[in-house]
Amino acid sequence: MDMKSVESKWQAKWEKSKQNVFNKKNIDKKLYVLEMFSYPSASKLHVGHWYNYGPTDSYARFKKMQGFEVFQPMGFDAFGLPAENFAIKTGIHPKDSTEKNILTMEQQLKNMGAMFDWSAEIKTCEENYYKWTQWLFLQLYKKGLAYRKEALVNWCPSCETVLANEQVIDGKCERCNSVVLRKDMTQWFFKITEYAEELLNDLDKLDWPDKTKLMQKNWIGRSTGCEIHFECETGDTITVFTTRPDTLFGVNYVVLAPEHPLVKKLREAHPEKATEIDAYVQYAAEANDIDRLSTAREKTGVFTGAYATHPLTGKKVPVYLADYVLYSYGTGAVMAVAAHDERDYAFAKKYNLPITQVIQKVGEEIVLPYCEDGILVNSGEFDGLSGDEARDAIAVHLTKIGKGSKKVNYRLRDWSVSRQRYWGAPIPMIHCENCGVVPVPEKDLPVKLPYDVEFRPSGRSPLAGNAKYMKCTCPKCGKKAERDPDTLDTFVCSSWYYLRYPESKNDKHPFTKEIADKIAPVDVYVGGAEHACMHLLYARFITKALRDMGYISFGEPFKRLIHQGIILGTDGNRMSKSRGNVVSPDKYVDEFGSDIFRLYLMFGFSYTEGGPWNDDGIKSISRFVERIERLVQKATELQDAEAEIGSAEKELDYAKNYAIKAITRDMESFSFNTSLARVMEYVNALQKYDSDGCKNTSFFKACISDLIRMFAPFAPHFSEECWEMLGNKDSVFEEEYPLVNEQALVKDEVEYAVQVNSKIKAKVMIAEGLTNDQIQEKVSALPDVAPLLEGKTVKKCIVVKGRLVNLIVG
RNA sequence: GCCCGCGUGGCGGAAUAGGCAGACGCACAGGACUUAAAAUCCUGAGUCCUAACAGACGUAUCGGUUCAAGUCCGAUCGCGGGCACCA
């Protein structure tokens with residue numbers, strides 16, 4: 001079969017018949033199958049795209065044949081850094097390169113032959129999409145979920161630009177390899193932390209890989225403890241967060257992060273320490289991420305000269321600054337318990353501070369620092385309590401005397417969404433001298449991204465350099481004002497795109513509740529695991545926020561999630577240009593066709609594992625498909641001839657139904673390799689029946705017809721062609737997937753393995769419906785078994801129905 | 001450092017709920033067809049020992065639970081991933 005022409009023939013037919021366009025009339029049978037959309041940075045599809053989209057399309061086609069109205073759209077996550085970096089390198093405008101790349105990729109995706117509903121296509125860089133991304137921003141702003149604050153960002157001193165986290169590789173700029181610094185800048189943030197608890201709790205409801213849920217759980221990082229107030233000699237309160245209030249009596253000193261606002265006041269109170277404090281604050285500020293965040297970094301700090309009062313003992317404890325305390329977590333201040341915390345211990349040893357043990361293990365010597373739970377000592381009225389008891393008792397006591405309270409903290413930080421970059425959705429905000437920050441009125445959306453912009457890095461946002469863009473009037477007071485020069489993180493674009501697909505052409509609304517509630521959430525979402533704590537978390541947050549604002553009624557975007565594995569180069573390494581091990585799908589698609597390429601991706605790997613590419617496998621798939629073609633050819637040549645249903649027919653019928661049953665189960669779990677193995681077994685059975693004489697040709701032809709329906713989701717073009725060869729007029733995808741006939745799977749007798757003392761000694765066919773005693777009797781008489789039982793007693797006989805018999809003799 | 005996952009033939013990989021390890025395929029070997037090759041079809045094969053039958057060993061390693069362990073439990077080694085001064 002000439003795959004090339006067969007493929008284009010059927011692609012054209014599918015497009016003409018619009019059979020892949022979602023039919024809203026059947027919305028109650030909907031199944032929203034979504035693959036993560038592509039990023040058009042490279043101009044061609046790579047094996048990873050194919051591996052994501054090909055097999056998932058087979059799943060979608062399978063579900064369609066099962067009667068679901070499948071909605072499977074495709075689009076492009078078109079804004080972003082790679083296009084801009086490419087522009088900086090080559091001078092080609094990001095819009096031009098992106099549009100060109102999209103054109104190529106669209107064609108390649110169409111050649112794949114997936115049942116994408118192209119009428120729903122979206123491109124996030126187009127006005128009719130980013131208008132609504134800006135709309136989303138405004139809603140979050142109205143709801144108080146978008147706010148501005150000064151924060152530390154990644155700063156490349158050589159490129160003079162802010163870098164996104166993903167552009168920082170091992171603490172270095174991905175482009176020039178300079179060590180990235182931290183810089184204070186005023187930025188827009190989304191208050192994802194407001195949803196920390198719900199994002200954590202709802203993980204239980206999701207049919208997602210455990211690993212991904214765990215990663216999100218750890219990322220959210222809930223910890224329970226206490227906030228405790230230490231009164232500072234300046235009259236201010238130093239509030240610390242601790243998960244170990246049970247060690248409160250062991251506090252030796254209090255530590256503030258160098259960025260803590262109180263530092264300024266302490267410096268004024270202790271002018272004699274001012275030089276030291278200044279030097280330390282500067283030292284901490286200049287440290288780069290690699291050093292500052294390394295656990296191996298030596299603990300450093302400085303005494304402020306000030307003291308604080310212990311809330312329970314009333315003792316004075318010194319106040320230190322140290323950069324092992326992070327301003328961004330908890331309260332930015334810590335109570336140091338040298339005896340029971342490794343960091344505090346190291347610090348106390350270095351600066352010769354006292355170490356007070358307050359946790360003891362009964363009957364055991366402990367070595368400090370001892371960070372486990374134990375029994376309290378040196379803790380006044382709390383002596384003798386266990387860790388859990390003490391944590392509760394001390395918290396209760398602190399609450400009573402107004403010196404603290406129980407508190408839950410999260411590791412999750414608010415989502416920084418400002419990017420000092422050009423190629424993104426402009427932030428729809430205006431800065432007015434009179435009115436401050438003013439949102440762009442919704443009727444004025446989109447705030448259009450101007451084409452004519454110098455996007456080479458200059459230390460400020462590229463849009464700031466475009467006076468025409470920046471100048472505007474304040475919507476509130478009408479006076480001259482300026483636009484926000486930043487653009488939105490591309491993860492904002494992708495946080496809601498699944499809602500746009502069903503209504504991609506709606507120019508009045510981003511989406512409507514009526515339709516969104518019916519089509520969404522996504523039933524099955526398939527994409528790479530690398531998005532676990534980024535896209536997948538952001539999308540959950542935005543979904544919950546939109547629900548709370550009344551725009552939708554559900555709170556989770558993706559009910560079920562599958563991660564495909566990664567296809568590696570033949571050398572077992574990740575594919576990369578520098579390694580020179582990149583496998584081009586085009587080469588194989590040209591040589592074998594897209595169906596065969598897709599089949600190999602499904603058959604050669606465990607879908608969620610992936611693995612190294614191997615050329616030999618694909619040739620065998622090609623041969624397998626040819627075998628099917630020969631069977632179809634044979635079926636078209638045979639004259640119909642009825643014959644009785646004998647044992648050969650029964651055997652073939654069993655093989656067929658066994659395959660249907662197994663495939664129907666395995667497809668549900670994205671187990672494509674075993675599904676195809678079952679098709680192969682069935683093909684083997686068909687060939688055997690044929691070579692054994694093929695008496696009942698009518699039956700044989702019906703079996704071939706079932707084979708094609710069975711195989712259709714895996715090789716769509718090829719199967720359509722075969723279906724046509726068999727004399728059918730309509731698309732095979734209008735057919736129902738073959739249903740299992742359980743009757744055909746009932747066997748009169750089943751092979752049992754016979755064990756004596758757990759060692760296999762024989763195999764025997766045993767009729768269905770025998771009692772255990774009858775089975776034991778039959779088995780004991782077997783020539784391979786009987787001698788082993790002579791002169792011995794059978795103590796026990798274990799029968800596992802349909803599988804084995806184990807005789808325990810002694 | 002902490003958390004999580006994974007280790008099965010020469011290779012990719014199978015193995016419901018603890019029940020015949022190695023499905024399916026690749027590569028390999030032998031055979032049929034052919035002047036020959038390719039293609040196709042048939043047969044074989046975990047390893048060791050054996051002429052064969054039989055037997056022994058076998059899912060990273062060591063130990064345990066069980067009539068029965070790739071699967072459960074404990075320890076060790078190796079690989080991969082995530083987090084990384086989170087108080």
Side-chain angles (χ1 to χ4, degrees), chain A residues 209-219 221-223 225-226 240-245 247 255 257 292-299 322-326 328-337 340-344 346-347 371 409-413 529-530 532-533 566 572 600 603-606 609-621 623-624 626-627 630 662 665-666 669 671 673-684 687-688 691 751-763 784 795-810:
Chain A
D210 287 337
K211 195 179 173 181
T212 309
K213 291 204 267 187
L214 188 67
M215 274 166 70
Q216 287 208 355
K217 188 184 165 202
N218 293 338
W219 186 264
R222 184 181 201 268
S223 44
C226 259
V240 302
F241 173 73
T242 181
T243 54
R244 295 293 305 273
T247 63
V255 194
R292 169 95 193 243
L293 295 176
S294 162
T295 46
R297 178 171 160 97
E298 199 180 345
K299 304 283 172 284
D323 69 358
Y324 76 86
V325 173
L326 305 175
S328 50
Y329 181 76
T331 60
V334 157
M335 62 177 218
V337 182
H340 305 294
D341 181 280
E342 276 176 30
R343 294 152 301 181
D344 299 343
F347 191 82
C371 306
N409 246 313
Y410 300 93
R411 208 196 68 105
L412 183 68
R413 308 286 150 80
E530 66 276 12
C533 294
I566 297 168
Y600 176 58
F603 184 68
F605 308 86
S606 165
E609 296 297 315
W613 177 259
N614 172 356
D615 266 15
D616 294 331
I618 195 165
K619 292 185 187 116
S620 77
I621 289 291
R623 283 200 294 268
F624 166 65
E626 282 162 16
R627 267 163 62 201
R630 284 196 295 273
R665 184 193 61 221
D666 289 356
S669 54
S671 184
N673 53 351
T674 54
S675 296
L676 280 168
R678 300 294 88 83
V679 179
M680 288 172 179
E681 282 166 355
Y682 179 44
V683 168
N684 291 343
Q687 280 192 324
K688 184 169 183 293
S691 61
E751 190 188 60
Y752 277 64
V754 183
Q755 296 180 334
V756 177
N757 285 339
S758 305
K759 296 225 167 196
I760 292 178
K761 295 295 173 189
K763 294 190 176 180
D784 286 339
K795 290 182 189 161
K796 206 170 168 187
C797 172
I798 296 150
V799 178
V800 181
K801 202 170 178 306
R803 290 194 175 262
L804 63 73
V805 184
N806 191 1
L807 296 167
I808 311 302
V809 300

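Basis for what follows: all heavy atoms, side chains included, without hydrogens, waters or symmetry-related copies. Proteins come first, then strands; the chains are lettered A, B, ... in the order of their sequence lines, and each starts at number 1. These numbers come from a predicted model, not from an experiment.
B:rG82 has its base anti relative to the sugar, with a glycosidic angle deviating from 0 by more than 90°.
Within 4.0 Å (heavy atoms only), A:Lys759 reaches sugar-phosphate atoms of the nucleic acid but no base atom. Within 4.0 Å (heavy atoms only), A:Ile798 reaches at least one base atom of the nucleic acid. At a threshold of 4.0 angstrom between heavy atoms, the contacts of A:Asn409 with the nucleic acid are absent. Within the nucleic acid shown, A:Arg665 comes within 4.0 Å of at least one base atom, counting heavy atoms only. Across all strands shown, A:Glu609 has no heavy atoms under 4.0 Å from either base or sugar-phosphate atoms. Using a 4.0 Å heavy-atom criterion, one finds that A:Ser328 contacts no nucleic acid atom at all. Using a 4.0 Å heavy-atom cutoff across all strands shown, A:Lys763 reaches at least one base atom of the nucleic acid. Residue contacts for A:Asn614: at a heavy-atom cut-off of 4.0 Å it reaches no nucleic acid atom on any strand shown. As judged by a 4.0 angstrom heavy-atom cut-off over every strand, A:Arg222 is placed among residues making no nucleic acid contact. Residue contacts for A:Tyr410: at a heavy-atom cut-off of 4.0 Å it reaches no nucleic acid atom on any strand shown. Within the 4.0 angstrom heavy-atom criterion, no nucleotide atom of any strand lies near A:Gly572.
Proximity note for A:Phe603 (side chain, C-beta onward) versus B:rC20, B:rG25, B:rA23: the nearest is B:rG25. Candidate nucleotides B:rA23, B:rG13, B:rA87 were compared by shortest atom distance to the side chain of A:Val325, and B:rA87 ranks first. The A:Thr243 side chain lies nearest to B:rA87 when the options are B:rA87, B:rA39, B:rA14. Considering only the side chain of A:Ser606, B:rA14 comes nearest among B:rC24, B:rA14, B:rC20. You'll find that the side chain of A:Asn673 is closest to B:rG13, out of B:rG25, B:rG13, B:rC41. Closest contact between the side chain of A:Leu804 and the listed nucleotides B:rA87, B:rG25, B:rG19 involves B:rG19. For A:Ile808, whose side chain is taken as the heavy atoms from C-beta onward, the closest listed nucleotide among B:rC67, B:rC3, B:rC4 is B:rC67. The listed nucleotides are B:rG12, B:rA87, B:rC4; the one nearest the side chain of A:Val334 is B:rA87.
Under the 3.5 Å distance criterion, with hydrogens and angles disregarded, no donor-acceptor pair is assigned to the side chains of A:Asn614 and A:Tyr600. Using modelled atom types and a 3.5 Å distance limit, the side chains of A:Asn806 and A:Ser758 yield a donor-acceptor pair.
A:Arg678 contributes a side-chain N or O that forms a donor-acceptor pair with the base of B:rA23 under 3.5 Å. Judged by distance alone, with hydrogens and angles left aside, A:Lys299 brings a side-chain donor or acceptor within reach of the base of B:rC85, the pair sitting under 3.5 Å. Between the side chain of A:Asn806 and the base of B:rC67 there is at least one donor-acceptor pair of N/O atoms closer than 3.5 Å.
The shortest distance between the side-chain N/O atoms of A:Arg623 and the OP1/OP2 oxygens of B:rA38 is not below 4.0 Å.
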Exercise. What pattern of brackets, bars and dots sums up RNA chain B from 5' to 3', given Watson-Crick or G-U wobble pairs under 3.5 Å, [ ] for crossing pairs and | for another strand?
Worked result: (((((((..(((......[....))).(((((.......))))).(((......)))..(((((..]....))))))))))))....
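You'll find the side chain of A:Ile621 reaches within 4.5 Å of the side chain of A:Met680, heavy atoms only.
The separation of B:rA51 from B:rU34, taken at their P atoms, amounts to 38 Å, rounded to a whole angstrom.
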